[in-house]
Novice: 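I'd like to ask you about the structure that follows.
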Amino acid sequence: MPGLITESFELPNNISQGIFKKAQTGSALARLSGSKPQKFGTHQAWVLTGEPRAEFVGEAAAASPTPTTYAPKPINPLKAQVTVRYSEEVRMADEDVQIGVLQDMGDNCGIALGRALDLAAIHKINPLTGVTSSLIDKGMIDCDHSVVLANGKYDELVEAGASAIIASGYANTGIAMDPALSFGIATQRDGDSKHLYPGIGFGQGLTSFQGINTAVSDTVSGSKELAVKGNLIGVIGQFDAFRWGVQRAINVELVEYGDPDGLGDLKRMGQIALKATIIYGIGIMADDAFCKLMKA
């Protein structure tokens with residue numbers, strides 16, 4: 001099959017910036033764990049596994065060695081792409097129509113790329129197929145700790161997860177919530193039918209719970225993409241133990257010839273394709289730094 005012929009495509013500045021913004025805001029994990037600058041390729045992050053301890057020594061006394069151990073953790077590159085088609089007639093339309101189409105496509109591409117970060121790092125799935133990807137070694141779904149919802153007490157579920165993290169020696173710096181979890185918390189009532197948390201509305205825009213940074217997204221459960229639905233509704237833990245960065249900034253190409261997505265020759269079908277690509281680097285530094293919050 002002949003290679004695709006592409007040309008650089010200059011998106012209007014507000015649209016190209018919007019794609020990256022959407023890629024960030026489309027991800028719950030990106031809101032809880034800041035990205036780290038990365039070079040392209042697989043990296044080894046060295047994680048302290050045996051903490052050094054100070055020693056009191058007397059005057060002129062010999063100092064003892066301080067045992068300290070480190071373990072390597074991989075940060076692997078993961079390329080995500082979105083290819084969308086539109087008709088040649090759009091390019092023939094006036095500028096206002098073109099900009100409107102590009103804006104809509106840019107927004108949706110950015111959201112898809114942002115969701116891909118969560119779906120890889122939490123569930124290890126290919127977002128397009130909804131099944132586990134062989135390209136992803138580890139996800140938060142593999143983490144050591146797990147607690148299960150009981151008697152509809154969503155706040156106690158979060159509390160149990162926080163307890164597990166503290167017992168493992170970590171700090172609770174963030175909670176990634178599915179809307180089912182945030183809504184469950186928001187609608188809990190006491191014995192007099194009064195809301196226990198009246199200040200959080202229905203929980204959809206929740207950014208903090210019990211003083212912990214919170215991000216709400218249905219990527220946490222993977223309900224839209226998972227081929228086999230699961231019971232995960234939240235992840236709590238120390239989110240700097242999740243390392244991610246953008247190894248290659250989003251590249252946007254206009255593809256005019258060939259068959260970039262298996263749907264048929266573009267020229268024959270009178271179409272043009274817009275392809276957006278990003279390469280993430282992701283890695284989980286400690287399996288016991290996170291706890292899964294599960295529904296029964």
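Worth knowing before you read on, the calculation uses all heavy atoms, side chains too, and leaves out hydrogens, waters and symmetry mates.
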Novice: Going by atom types only, do D288 and S168 share a side-chain donor-acceptor pair under 3.5 Å?
Specialist: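 The criterion, which ignores hydrogens and geometry beyond distance, is not satisfied for S168 and D288.
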Novice: What's the separation between atom CZ in R243 and atom OG in S33, rounded to the nearest 0.5 Å?
Specialist: 8.5 Å
Novice: Holding to side chain to side chain contact (heavy atoms under 4.5 Å, CB included), I want the full list of residues that pass it with T187, two or more places apart in sequence or in another chain.
Specialist: F183, F202
Novice: Could you tell me whether the side chain of D287 reaches within less than 4.5 Å of the side chain of K138, counting heavy atoms only?
Specialist: yes
Novice: Would you indicate whether the side-chain heavy atoms of I122 and L29 approach each other to under 4.5 Å?
Specialist: yes
Novice: Which heavy atom in P260 sits nearest to a heavy atom in A273, and how many Å separate them?
Specialist: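 Taking every non-hydrogen atom into account, CG-CB, 3.9 Å.
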Novice: Of all heavy-atom pairs between Q238 and A171, which one has the smallest distance, and what is that distance?
Specialist: OE1-N, 2.8 Å
Novice: Of all the heavy-atom pairs spanning L119 and P127, show the shortest one and how long it is.
Specialist: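 Looking at all heavy atoms of both residues, the shortest contact is CD1-CB, 3.8 Å.
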Novice: Same hydrophobic cluster for I141 and L293, using side-chain heavy-atom links shorter than 4.5 Å among ILVMFWY?
Specialist: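 Unlinked, I141 and L293 end up in two clusters.
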Novice: Please list, chain by chain and in numerical order, all residues satisfying side chain to side chain contact (heavy atoms under 4.5 Å, CB included) with A162, sequence neighbours excluded.
Specialist: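 For A162 the side chain to side chain contact (heavy atoms under 4.5 Å, CB included) partners, ignoring immediate neighbours, are N172, I236.
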Novice: Cluster question for you: counting only ILVMFWY and a side-chain heavy-atom cut-off of under 4.5 Å, with indirect links fine, are V220 and L226 together?
Specialist: no
Novice: Looking at R268 and G264, would you say the former's side chain and the latter's main chain have a donor-acceptor pair under 3.5 Å?
Specialist: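 Between the backbone of G264 and the side chain of R268 there is no qualifying donor-acceptor contact (under 3.5 Å).
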Novice: Do the side chain of W244 and the main chain of G283 share a donor and acceptor less than 3.5 angstrom apart?
Specialist: no
Novice: Going hydrophobic residue to hydrophobic residue with side-chain gaps under 4.5 angstrom, can you get from M285 over to Y170?
Specialist: no
Novice: Hey, is the main chain of D155 close enough, under 3.5 Å, to the side chain of Q188 for a donor-acceptor pair?
Specialist: yes
Novice: Applying ring pair (Phe, Tyr, Trp, His ring centres under 6.0 Å), which residue pairs with at least one partner in residues 208-230 are found, sequence neighbours left out?
Specialist: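 Qualifying pairs: Y197-F209.
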Novice: For the CZ atom of F290 and the CG atom of D144, what is their distance to the nearest 0.5 Å?
Specialist: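 Going from the CZ atom of F290 to the CG atom of D144 covers 11.5 Å.
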Novice: Look at the side chain of D178 and the backbone N and O of A180, then say whether any donor-acceptor pair between them is shorter than 3.5 Å.
Specialist: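 Yes: the side chain of D178 pairs with the backbone of A180.
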Novice: Let me check something: do I233 and V235 share a hydrophobic cluster, defined by ILVMFWY side-chain heavy atoms less than 4.5 Å apart, either directly or through other members?
Specialist: no
Novice: How close do A296 and V148 get, counting heavy atoms only, and between which atoms?
Specialist: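 Closest heavy-atom pair between A296 and V148: CA-CG1, 3.9 Å.
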Novice: Applying side chain to side chain contact (heavy atoms under 4.5 Å, CB included) to S27 and L117, what does each step give before you reach the verdict?
Specialist: CA-CA 7 Å; S27 165; L117 176 64; 3.5 Å; yes
Novice: Is the backbone N or O of K194 less than 3.5 Å from a side-chain atom of D190, with the two atoms forming a donor-acceptor pair by type?
Specialist: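 Yes.
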Novice: Judged by atom type as modelled, is there a donor-acceptor pair below 3.5 Å linking the side chain of D218 to the main-chain atoms of G222?
Specialist: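 Answer holds: no.
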Novice: Would you indicate whether the side-chain heavy atoms of K79 and T277 approach each other to under 4.5 Å?
Specialist: yes
Novice: Looking at E225 and R115, does any basic side-chain N land under 4.0 Å from a carboxylate oxygen?
Specialist: yes
Novice: For a 4.5 angstrom cut-off between non-hydrogen side-chain atoms, does Q81 reach T83?
Specialist: yes
Novice: Less than 4.5 Å apart, side chain to side chain, heavy atoms only: is that true for I185 and M177?
Specialist: yes
Novice: Could you tell me if the side chain of R85 sits less than 4.5 Å from the side chain of L263, heavy atoms only?
Specialist: yes
Novice: Under 3.5 Å, is there a donor-acceptor pair between the side chain of D265 and the main chain of D259?
Specialist: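 No; zero donor-acceptor contacts below 3.5 Å.
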Novice: Looking only at atom types and distance, does a side-chain atom of T173 sit under 3.5 Å from a main-chain N or O of F239, one as donor and one as acceptor?
Specialist: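 Indeed, once roles are kept as given, a pair shorter than 3.5 Å links the two residues.
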Novice: Distance check, rounded to the nearest 0.5 Å: L135 atom CG versus N126 atom CG?
Specialist: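 One finds 8.0 Å between CG of L135 and CG of N126.
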Novice: What distance do I282 atom CD1 and D137 atom CG have between them, rounded to the nearest 0.5 Å?
Specialist: 9.0 Å
Novice: Can you find a pair of side-chain heavy atoms, one from I165 and one from H145, that are under 4.5 Å apart?
Specialist: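 Of all side-chain heavy-atom pairs linking H145 with I165, at least one is under 4.5 Å.
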Novice: When rounded to the nearest 0.5 angstrom, what distance separates OG1 in T214 from CD1 in I175?
Specialist: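 One finds 4.0 Å between OG1 of T214 and CD1 of I175.
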Novice: Counting only heavy atoms not in K229 (residues, nucleotides, ligands), do more than 12 fall under 6.0 Å from its NZ?
Specialist: yes
Novice: Can you see which heavy atom on A227 is nearest to which on V131, and at what distance?
Specialist: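 Residues A227 and V131, closest heavy atoms: CB-CG1, 3.9 Å.
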Novice: Less than 4.5 Å apart, side chain to side chain, heavy atoms only: is that true for V255 and I272?
Specialist: no
Novice: Would you find a donor on one side and an acceptor on the other, under 3.5 Å apart, between the side chain of S182 and the backbone of P179?
Specialist: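 Present.
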Novice: Report the residues that fulfil side chain to side chain contact (heavy atoms under 4.5 Å, CB included) with A112, sequence neighbours left out, ordered by chain and then residue number.
Specialist: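 So A112 forms a side chain to side chain contact (heavy atoms under 4.5 Å, CB included) with V82.
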Novice: Could you tell me which residues satisfy side chain to side chain contact (heavy atoms under 4.5 Å, CB included) with S134, sequence neighbours excluded, listed by chain and number?
Specialist: none
Novice: Sequence neighbours excluded, which residues qualify as salt bridge (Lys or Arg N to Asp or Glu O under 4.0 Å) partners of D142?
Specialist: K124
Novice: Which heavy atom in A215 sits nearest to a heavy atom in A28, and how many Å separate them?
Specialist: CB-O, 3.6 Å
Novice: Determine whether L181 and I200 fall in the same hydrophobic cluster, where Ile, Leu, Val, Met, Phe, Trp and Tyr are linked whenever their side-chain heavy atoms lie under 4.5 Å apart.
Specialist: yes
Novice: Look only at the side chain of S217 and the backbone of T219, and say whether a donor-acceptor pair between them is shorter than 3.5 Å.
Specialist: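 The answer is yes, because a donor-acceptor pair under 3.5 Å joins these two groups.
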